[in-house]
Amino acid sequence: MSIIAIDTETTGLNFLLGAEPFMVTACDLEGNLFYWEFDIDPITKKIKRNRTTLKDIRETLRQYDDWVFHNANFDLRAIATLFEISVQEVSKLHKHPDAFWYHIHDTLLMSHVLDNQRSHGLKDLSVRYLQFPKDDEDQLKDATKAARRLVRSLHRKGEIPDWQIHDETEADYWLPRLMFKAFPDLAQPSWENVCLSYALKDVERTISLYTLFKDLLLSRDTLGVYLREINVLKVVLDIQSRGMNFLRPVAASVLSDLDSQIDAYSQKLMSIVNSFGLEEFNFESPMQLQSLLYQEMKFPVVSLTDKGKPSTDASTLQHLINCCPDHPNIDFLVYLKELKLNLTSSKYIRNYLHFAIPSTKGKRNYYTLYPNLNQTGTKTTRFSCSNPNGQNISTGKEEEDDTGHKIKRFNLRELFGPPPGYVWYAIDYSSLQLIIFAYEANDQGMIDAFAKGYDFHNYVAKGLFNTQEPTKTERRIAKNVNYALIFGAGAERVDATAGMDGAYQLYQNQFPIVAEYMAKISYQVRKTGQVKTAFGYPLNVPREQPYKGVNYIVQGDEGNIVKQAMYLTNRYLSLHPSKSRLIMQIHDELVFECPKDKDFPLSTICQLMMGPAREVGWTTPVGASLVTTHWGDKKELELDL
DNA sequence: CCATATCGCTT
DNA sequence: GTACGAGCGATATGGT
């Protein structure tokens, strides 16, 4: 079985915004090294492809049974970009196209299974596991910065046109070599091959780590855990290539409204500031606000930042509005809060516009966002999401309008929705983390409450307050306690969030099985520094923070369950005649896109989503809703499972 | 040019 | 006995 590690160097991090690979390096198990490079036009930053080199890459890589990457999510997309094919079509370049996913390995995913806590960077790992120095990275970064300075100085002298210098140093790794070729007298000699030797070291690192990690996974009995993550990697690439439809015209209109609001509030605020004798003021500066609010205006300090300075955040402003209704500068607080809300939304929208990719279907223009799902982005097996972050799109704040109707402001999910001719099915797990908590603690009362479909917070409220009919306040307290506990809060914090002294102690008395479980996990973390999910995923937890153990287990189980659900549903939809596709994951929610005129296999998908937890004997119910206009407007569906 | 602080959004 | 978890991204600020 022949194995080769492959790495690409690129002109940026986002292939959809123009980044391309300009170098491919490879290293096999025998230590044979390969490299291919492409010239770059410094003006357009486009690579100059040539058939011979592409053919040589293809033929070389096809010799090998197994391909190893460090972050295959990135490099597979780089290869797709290089060959101008879809990421799914990269399998056709492989020796075993139909068994492609049995032959792809990723030391990044391996690293997370071996140690969720520490960095997964290739250089860090090589220092840690192989004692392989990382000075080549510093050399390349220094050379790149120096080359950029040379470019700037030549441009100032008018000797070269305006080459756009990228924001990230990593995106200009090609520059030293180009400058060496173009200006041999001005360039440093090391620039000729500094990138190449760096890139070759990276594939040496990758193949060595692969060999070591495979043995470590085997000896720790976690090879199966890692292979499940490889299954998920395929889903991630599918989701990323599909993207989410972005209602760009709506976004542009909302943004323009926000900008006028920002102008209006800025003017109102500035006139107040001027009355304090200040000509200049930046409302986005916490330091300036601290000084103005607490020294000039003499508002009382009601909360402090981590570093012990007076807070200026929204909750503090609201607190001050509530507690100082007669203060002469109360208007300032009200306007400031509105300004901050508008500013926040406008920044989010500008970011979405930055990443919006136009495409044309028929006559209509579409805009799509293609967020990255980072499979090793968290320490608990959850995904993180970036460029843009599709997992923190605002769901809006509920407020009452003039007529007393409840409305949602700043709901940015309204900027997303199915393209014409399609609908979305958003299916989420109900109270997933709490259900996991109940099963992990093995509290039969809680488990039964869920099984019977009771309101969980009501159930806990009944126990806490020893009543059959908890009031709304009692339910709210129970809910706060429930969530605080899975977040690892201590007595003081639980009492504070519950708004009730002694809530923590009361819970411990009324739910002794849960209390015992939490103590057991704490002990385990102090002793071993590790917990394990119900699906065998090992998670290191800092020994000095043993209270985090329960949360790691709960979030870890959640990650395992939802990832497996993604694998099962994505596979089902690709194997069965269906135009429906999984397009997004938001921790406990999967979003599917389906043509309007096709039936969505709702019941089957829900069953598949409940399957992974069923494997360990847990029942994790789901709820579904339908999106026909935009994501801020969901209609709950009846499920008949 | 880089690190820290603060803030605000999600589950 | 102690202790709210996990993220991304924008902006300001001060030191290198």
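Chain identifiers are assigned alphabetically (A, B, ...) following the order of the sequence lines, protein sequences preceding nucleic acid strands; residue numbering begins at 1 within each chain. As the structure is a prediction and not an experimental result, all values here were calculated from the model.
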### Query
Rounded to whole angstrom units, what separation is found between the CD1 atom of Ile349(A) and the P atom of dG9(C)?
17 Å

### Task
Grab the CG-P distance between Asn374(A) and dT10(B) for me, whole Å please.
20 Å

### Query
Going by distance alone, is a donor N or O of one side chain under 3.5 Å from an acceptor N or O of the other, for Glu338(A) and Gln261(A)?
no

### salt bridge (Lys or Arg N to Asp or Glu O under 4.0 Å) partners for Glu589(A), two or more places apart
Lys634(A)

### Message
Looking at Asp313(A) and Lys340(A), is any side-chain nitrogen of the basic one under 4.0 Å from a carboxylate oxygen of the acidic one?
### Response
no

### Task
Would you mind reading off the distance between Lys141(A) atom NZ and dC1(B) atom C1', rounded to a whole angstrom?
12 Å

#### Entry: Contact list for residues 481-493 of chain A, test side chain to side chain donor-acceptor pair (under 3.5 Å), sequence neighbours left out
His457(A)-Asn482(A)

### Message
Any residue in residues 547-563 of chain A with a heavy atom nearer than 4.0 angstrom to DNA chain C? Just list them by number, or reply none.
### Response
Tyr547(A), Lys548(A), Asn551(A), Tyr552(A), Gln555(A)

#### Entry: Closest non-hydrogen atom pair, Ala441(A) against Ile513(A)
O-CG2, 3.5 Å

### Spacing between Gln508(A) atom CD and dT2(C) atom C1', to the nearest angstrom
12 Å

### Query
Touch check for Ile486(A), heavy atoms < 4.0 angstrom, all strands: base, sugar-phosphate only, or nothing?
nothing

### Query
Is the phosphate of dT11(B), meaning OP1 or OP2, less than 4.0 Å from a side-chain N or O of Arg413(A)?
yes

### Task
Calculate the interatomic distance between Leu373(A) atom CG and dC8(C) atom C1'; express it in whole Å.
13 Å

### Query
Is there any side chain to side chain donor-acceptor pair (under 3.5 Å) pair reaching into residues 522-539 of chain A, and which pairs are they, with sequence neighbours excluded?
His112(A)-Tyr537(A), Gln530(A)-Asn540(A), Thr533(A)-Asn560(A)

### Query
Among the nucleotides dG8(B), dC4(C), dT11(B), which one has an atom lying closest to any side-chain atom of Asn392(A)?
dG8(B)

### Query
What does nucleotides 11-16 of chain C look like as a protein-contact string, B for base, S for sugar-phosphate only, - for none, at under 4.0 angstrom between heavy atoms?
SSSS--

## Note on the structure
d(Leu626(A) CG, Asp633(A) CG) to nearest 0.5 Å is 9.5 Å

### Task
Measure across Pro612(A) and Leu608(A) and return the closest heavy-atom pair with its distance rounded to 0.1 Å.
CD-O, 3.2 Å

### Query
What pairs with Asp263(A) under side chain to side chain contact (heavy atoms under 4.5 Å, CB included), at least two apart in sequence or on another chain?
none

### Task
For dT11(B) versus dC4(C), give the span between their C1' atoms, rounded off to a whole number of Å.
14 Å

### Task
Ignoring backbone atoms, test whether Lys145(A) places a side-chain nitrogen or oxygen under 4.0 Å from the OP1 or OP2 oxygen of dC2(B).
yes

### Query
Atom CZ of Phe487(A) to atom P of dG7(C): distance rounded to whole Å?
13 Å

### Query
Which residues within residues 302-314 of chain A lie with some heavy atom under 4.0 Å of an atom in DNA chain C?
none

### Message
With the threshold set at under 4.0 Å for non-hydrogen atoms, list the residues of residues 430-438 of chain A touching DNA chain B in residue-number order.
### Response
none

### Message
Suppose the criterion is ring pair (Phe, Tyr, Trp, His ring centres under 6.0 Å): which pairs have a residue in residues 485-519 of chain A, not counting sequence neighbours?
### Response
Tyr507(A)-Phe511(A)

### Query
Looking only at heavy atoms, what is the nearest atom pair of Val525(A) and Gly549(A), with distance?
CG2-CA, 3.9 Å

#### Entry: d(CG, Leu336(A); P, dC7(B)) in whole Å
11 Å

### Task
Could I get the full list of side chain to side chain donor-acceptor pair (under 3.5 Å) partners for Arg228(A), not counting sequence neighbours?
none

### Query
When we call it a touch if two heavy atoms are under 4.0 Å apart, what does Tyr504(A) touch: a base, just sugar-phosphate, or nothing?
base

### Length of the line joining Ile521(A):CD1 and dG5(C):C1', which is rounded to integer Å
15 Å

### Message
Once side chain to side chain contact (heavy atoms under 4.5 Å, CB included) is applied, do any residues pair with Leu16(A), and if so which ones, sequence neighbours excluded?
### Response
Asn14(A), Ile357(A), Tyr370(A)

#### Entry: Approximate separation, where rounding is to 0.5 Å, of Asp259(A) CG and Leu343(A) CG
9.0 Å

### Message
Base, sugar-phosphate or nothing for Lys397(A)? Non-hydrogen atoms, less than 4.0 Å.
### Response
sugar-phosphate

### Task
Report yes or no: is there a donor-acceptor pair, N or O only, under 3.5 Å between the side chain of Asn389(A) and the base of dC8(C)?
no

### Message
According to salt bridge (Lys or Arg N to Asp or Glu O under 4.0 Å), who are the partners of Glu137(A), at least two apart in sequence or on a separate chain?
### Response
Lys141(A)

